[in-house]
Amino acid sequence: MPAHDDPRLSGAWIALERHRETLATSPLSALFERDPDRPRTLSAEACGLFLDYSKQRLDAVARGLLLDLAAAADLPGWRERMFRGEAVNVTEGRAALHVALRWPPGDAPPGAHGTVVARDVESVRARMERFSEDVRSGAWIGYSGEPVRHVVNIGIGGSDLGPAMVCRALDALAHPRIACHFVSNIDSNHLSSVLERCDPRATLFIVSSKTFSTEETLRNASSARAWLVGAAGDDHSVVDRHFVAVSTALERCAAFGIPERNVFGFWDWVGGRYSLWSAIGLSIAVSLGMDAFRALQRGAHAMDRHFLEAPGEANLPVLLALVGIWNRSLLGLPTHAVLPYDHALELFPAYLQQLEMESNGKGVDREGGPLARAAGAVTWGTLGSNGQHAYYQLLHQGLDTVPVDLVVPVFSQRPLPGHEDAVVANALAQAEAFMRGRGAEEARRELLAEGLADHDAARLAPHRAMPGNRPSSVLLYERLTPDVLGALIALYEHKVFTQAVCWGINPFDQFGVELGKRLAITLRELMAGTGDAAAHDPSTRALVERVRAVRARA
Ligand code: F6P
């Protein structure tokens, strides 16, 4: 039955909509007056992460109704099917078994193929371990006999964002000899600027591409290979010592010139945006070491178990998901910001953008029927500390309400006196300010206290007033270790999955990215003067003509 026709689901949505109406006249301040115990009742803790969602515009009744929605959408059934390796990616007929990649060694994930999957995962993991140890110890040498000093991961989307984010987040643990770079952009400025810092004799390229057909990656890999071979006096045999690949497409790797012994495989049941746990995480293993990679996986597995076993009202991914559904589908708030106060999480929002928006940025349900309600929030964010001095102005006083997750460490990875308290104080101050705001009368009184005349205070008060009632969650942890980071990533993975189930979406395909890729091929022909101009619209044709004219003049 199409998700939007299911009477149980419709009933759950209707109950939620009714409750939203009853809460509409209760700003956050009123909710706290009514129930000062909210910080206790609307919070949960697991796997080193503490979630306080008491400053969201909902109450325990709303949470109960949202849990009813999740039950009506059969979250337990979908969750079990995903963990058992069934084809939950219904449009592509595939499993989504990233949880198997972080299953503890010696144990097998559930499902008919659990043992086979565990054996395959373990064998690639063992190869990753040997290889990364060789590179780190200096046993793996380049064409001139030098150990590796630069690792360049060439990949894009899920073959870049996850490993780049993890390597950045845990760079305090990075191998002191090895600098890790990530090249994704097809603009050669990216690759060139990295190669300027590398020595070809000591550079290892990891070409990461699930399909090994992605234009950006293949073009960058070809240019990198040309740079290496050129530096080695046109000796093509050096590719062997300087290029490895991570892919599901072994023949394409071979066609590129990377021999099978240098290829680390994975499987079609690993989605690109869930692939950092597979050999796509090779750069993590090389840069941080296999112990850190294992700890990352251990943290994620702990979150997997929590997601499977904890009751809904204590289940972090479920709660985070339901809060997001409330904001997106009930309150109609189209965006959501994730604002880390931990500098190490600089790349986390960019990573989450793919995870959330490529998964749930859909307009139809699993059966292809139109979604009855808005789903999939625009996810964005940067470091909170810097954002405070840039775009928080709009978050506090703009007409749009943006729900935020403030991700806050109690301790820094690299502490200095006085900094840690400032980090926490700033993050919590923002959450309080978002909620409390400041009324015009309060602003006017403050201005009078500052010595302004009546008419000036009255004139300026509206500019100083802040509406407040802006929802936020705080996600607090002690210190960003590999375990905590693993749990944090898995938390958001399962959040996205839970939302998809409640919205009736398949979160594991991404057909929306294809049309642009196809048009780029024909436009390239048009730019070369050979394509079919009539196949494109007048605006696109005119822009291509302009580019051709500029090029002709250059
Ligand atoms: O274009 C989107 C996408 O397919 C992502 O889903 C994927 O993570 C990325 O491109 C890279 O794909 P690949 O790993 O096959 O190069």
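We count ligands from 1, going down the list as the structure has it; atoms in each ligand are counted the same way.
The nearest heavy-atom contact from the protein to atom 2 (C) of ligand 1 is Glu358 OE2, 3.4 Å. Ranking the protein heavy atoms by distance from atom 15 (O) of ligand 1 puts Thr211 OG1, 2.6 Å first.
Ring geometry, His150 versus His181: the interplanar angle falls under 30°, so the pair is classed parallel (tilted spans 30 to 60°).
In terms of polar-atom proximity, defined here as any N/O pair under 3.5 Å, Ser208 makes no such contact with ligand 1. The N/O atoms of Thr217, backbone and side chain alike, include none that comes under 3.5 Å of an N/O atom in ligand 1. Here's the thing with Gln354: one of its N/O atoms is less than 3.5 angstrom from an N/O atom of ligand 1. Considering backbone and side-chain N/O of Gly158, one or more are found under 3.5 Å from N/O of ligand 1.
When each atom of ligand 1 is checked for a heavy atom of Ile156 under 4.0 Å away, the hits are 9 (C), 11 (C). Heavy-atom proximity to Thr214, at under 4.0 Å, picks out these atoms of ligand 1: 12 (O), 13 (P), 15 (O), 16 (O). If you number the atoms of ligand 1 from 1 as listed, the ones under 4.0 Å from a heavy atom of Gln510 come out as 6 (O). Near Lys517, the atoms of ligand 1 lying under 4.0 angstrom from a non-hydrogen atom of the residue are 1 (O), 2 (C), 4 (O).
If you take OG on Ser208 and CG on Asp160, they are separated by 8.5 Å, rounding to the nearest 0.5 Å.
Judged by the 6.0 Å distance and 45° axis criteria, Arg294 is not positioned over the aromatic ring of Trp103.
Tested against Asp304, the residues His494, His98, Gln297 include a single side chain to side chain donor-acceptor pair (under 3.5 Å) partner, His494.
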**OP:** Start with the C-alpha gap between His242 and Phe205, add the side-chain angles, then the distance that decides, and say whether ring-ring contact (aromatic ring centres under 6.0 Å, His included) holds.
**Re:** CA-CA 6 Å; His242 292 265; Phe205 294 97; 7.8 Å; no
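Other residues, nucleotides and ligands place no more than 12 heavy atoms under 6.0 Å from the CZ atom of Arg219. For His113, the NE2 atom sits in a loose shell: 12 or fewer heavy atoms of surrounding residues, nucleotides or ligands are nearer than 6.0 Å.
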